[in-house]
Participant: 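Okay, handing you the structure first.
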Amino acid sequence: MLVIDCPYCGPRNSTEFRHAGEAGKSRDVANSTPAEWRRYLYEFNNPLGWVREHWFHSSGCRRYISSERHTGNNEVRWVVPFGTPAPSTTSDKETGA
Amino acid sequence: MALGNASTSRTPTASVGGARKGSRPARYSAFDIFRRGVTHADWPRSFNEHELKKSYDVVIIGAGVHGLACAYYLAKNHGITNVAVIEKAYMGGGGSGRNTAIIRSNYLTPEGVRFYDRSVKLYEDLAVDLNYNVMFSQRGHLTLAHNDASLRTMHWRAEVNKLQGINSSVIDAKEVGKIVPYLDVTDHARYPILGALYHPPGGIIRHDAVNWGYARAAGHLGVEIHQQTEVLGIETAGGKVTGVRTSRGNISAPIVVNCTAGWASTICDMVDVKMPLVTHPLQAAVTEPVKVFLPAVIVSGSLHVYVSQTDRGELVFGASVDPYPSYSLRGSLEFTEGLATHILELIPSIGSLKLLRQWAGLCDMTPDYSPIMGITPVEGFLVDVGWGTYGFKAGPVSGEQMAQLVATGRTPELIAAFDLARFADGRLVGEKGAASVGH
Ligand SMILES: Cc1cc2nc3c(=O)[nH]c(=O)nc-3n(C[C@H](O)[C@H](O)[C@H](O)COP(=O)(O)OP(=O)(O)OC[C@H]3O[C@@H](n4cnc5c(N)ncnc54)[C@H](O)[C@@H]3O)c2cc1C
Ligand SMILES: [Zn+2]
């Protein structure tokens, strides 16, 4: 069972959250080129390793939060409010699972 | 069984009639079972181990049904036998050994229906073709509709299916109840059954037998299967593939085929080909065996659950993928709870059955629920991925078509619509309406 420590609500079961995708994706609705839209819509890093991502606490505070999680064992390294700079962490190679 | 021993043992033991390379493989037959039964003769080994050679004409990554079928058809249809299938764990240890083995072709798009139907046809002849009993049981497949919207989709699918010559039609709740008397078809169910898409040629198969049958037949034709050999990198020069680095040494090869399903992104990363794939676990569960009572495969999109009964009597359940991407194979209590709730809505009478076990496999989900097959921007690097929750049924046709692509250098008509470039061009092949509940 995956527990996510919501910065607003505290530790909650992941079933309370909706996964909101990999972090770091953006597009400019007015000015993005078709190639940029494509990348935004259809290209995913999908790593086996640490991934930065967003969640929506749909059955809780209904706010967006960001986390870093290892997709091999679902360990969550940190969770912060959406838009907060990521805490500095060790690189993938040092930890990993 | 000799088969199990042969596939797990690392030391090749000399046994009677062993299928050494070049020797004629022993055929399985009823007579042979009888003969070995009376004489207690050993069964021949089904697979052999090989030294890793320095070079191959084709390297296939992943020994699931897709990799093994591709290898088999390369050898059988095109005489290309200098082929290595490289598998980091054991053959059939990925989705191909974890799926719920449902075979059908009642998809939503003409491209999809044609493609999956070719696979059903190949499956119908597979036991004879491979000389291996794959236990294909075409017992019928019912997709239930619980509301008007899904009934509409069923009609849509039935019409597309009929145009492609597929046996598929919409039936009402009473007929559903006649085929499967144990279903709650009354209108006081919480989600009453309004009707179903009925697909008589659909059914289930023994998935391990399919994997092992392809492996054995490919091996007999000279293909090498290397288990416990991990691909660590792919070498290129001037935009072309030149070989792979593995945990057992380097291999040079002009063609590398990625058949790693849930792990496909990790392989594509080795050549910097970005993919529209997200890996989600999909769980399944099985009950203790009971007397056979369920005559068809039952799927409910609205309740996100499906069930079939094996010949041994266990009920096999599946549902939708886990709600967030992961490569973890851990099961979850949420899954079992949701499953039990929904399945009891459909078949209240199985309330006291015990679950024996649950497990998970990895699914490489695509945005349109169709696979990604064919060439990539890197010459010689081919993909047969994006199999999501529905790829086992496509093993034979994918193997056949990918082998043709490798042999001729031209993308066969049947898989042209599933190319990687469709995402850039906006030509998606939307199958969500026929594939959102994994099976
Ligand atoms: C629970 C569940 C139920 C399902 N039910 C159905 C169903 O009813 N019907 C249906 O049609 N489909 C179903 N599927 C989907 C189906 O199982 C898969 O789509 C299909 O098995 C994919 O086959 P494959 O050969 O492409 O990949 P896999 O069988 O997953 O094989 C990929 C192989 O690649 C290997 N590999 C990975 N990385 C490396 C590396 N670096 N080096 C070497 N080898 C590597 C892996 O070890 C693995 O053995 C289900 C899936 C699951 C999980
Ligand atoms: Zn919260």
Side-chain angles (χ1 to χ4, degrees), chain A residues 1-6 12-25 27 32-60 64-77 79 92-93 95-97, chain B residues 88 230-232 260-270 272-281 283 321-338 360 362-368 370 372 376-377 385-386 388 419-429:
Chain A
M1 180 191 294
L2 173 60
V3 172
I4 298 171
D5 193 1
C6 175
R12 298 294 182 88
N13 191 336
S14 66
T15 49
E16 290 190 5
F17 299 82
R18 194 163 54 72
H19 189 256
E22 287 176 3
K25 289 197 138 213
R27 82 289 186 215
S32 282
T33 63
E36 285 162 353
W37 272 109
R38 249 175 261 145
R39 234 169 290 135
Y40 174 77
L41 287 171
Y42 299 129
E43 286 184 5
F44 308 106
N45 292 322
N46 193 30
L48 200 184
W50 292 104
V51 64
R52 294 187 181 179
E53 58 196 354
H54 304 305
W55 304 83
F56 176 57
H57 197 175
S58 47
S59 305
Y64 281 89
I65 58 176
S66 306
S67 70
E68 189 170 44
R69 175 176 62 100
H70 197 287
T71 57
N73 61 6
N74 290 331
E75 179 190 338
V76 178
R77 197 139 70 176
V79 189
D92 293 3
K93 291 185 183 66
T95 32
Chain B
K88 73 172 174 181
E230 182 168 4
V231 171
L232 304 170
T260 57
W263 295 268
S265 296
T266 66
I267 301 292
C268 288
D269 279 349
M270 295 173 183
D272 284 328
V273 172
K274 273 264 166 283
M275 297 297 284
L277 296 174
V278 182
T279 297
H280 283 261
Q283 300 187 53
V321 291
D322 286 1
Y324 51 89
S326 177
Y327 289 78
S328 162
L329 292 173
R330 269 209 174 187
S332 68
L333 183 62
E334 291 92 4
F335 165 77
T336 334
E337 276 177 346
L362 300 185
C363 296
D364 43 339
M365 307 301 291
T366 61
D368 58 0
S370 282
I372 305 172
T376 67
V385 303
D419 60 335
L420 175 59
R422 76 175 181 273
F423 297 95
D425 301 348
R427 293 181 277 108
L428 273 58
V429 187

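Lettering follows sequence order; numbering is per chain, from 1. Quick caveat: nothing in here was measured; it's all calculated off a predicted structure.
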Participant: For A:Asn13, is it the side chain, the backbone, both or neither that has a heavy atom under 4.5 Å from a heavy atom of chain B?
Facilitator: side chain
Participant: With only heavy atoms counted, which part of B:Ser332 is less than 4.5 Å from chain A, the side chain, the backbone, both or neither?
Facilitator: neither
Participant: Which region of B:Leu333, side chain (C-beta onward) or backbone (N, CA, C, O), has a non-hydrogen atom less than 4.5 Å from a non-hydrogen atom of chain A, or is it both or neither?
Facilitator: neither
Participant: Where does B:Leu362 contact chain A at under 4.5 Å (heavy atoms): side chain, backbone, both or neither?
Facilitator: neither
Participant: Taking the side chain as every heavy atom from C-beta outward, state whether A:Asn74 and B:Arg330 have any pair of such atoms under 4.5 Å apart.
Facilitator: no
Participant: Side chain, backbone, both or neither: which part of A:Pro47 has a heavy atom under 4.5 Å from chain B?
Facilitator: backbone
Participant: Please determine, among B:Asp364, B:Thr266, B:Leu277, the option with the most heavy-atom pairs under 4.5 Å with chain A.
Facilitator: B:Leu277
Participant: Which residues in residues 36-44 of chain A have any heavy atom closer than 4.5 Å to a heavy atom of chain B?
Facilitator: A:Arg38, A:Tyr42, A:Glu43, A:Phe44
Participant: Could you pull out the closest heavy-atom pair between B:Pro323 and A:His19, with the gap in Å?
Facilitator: O-CB, 3.8 Å
Participant: Hey, what do you get for CG (B:Asp269) to CG (A:Asn46), rounding to the nearest 0.5 Å?
Facilitator: 8.5 Å
Participant: Could you tell me which of B:Ser328, B:Ala264, B:Gly331, B:Pro325 has the largest number of non-hydrogen atom pairs under 4.5 Å with chain A?
Facilitator: B:Pro325
Participant: In Å, rounded to the nearest 0.5 Å, how long is the span from CZ of A:Phe17 to OH of B:Tyr324?
Facilitator: 11.5 Å
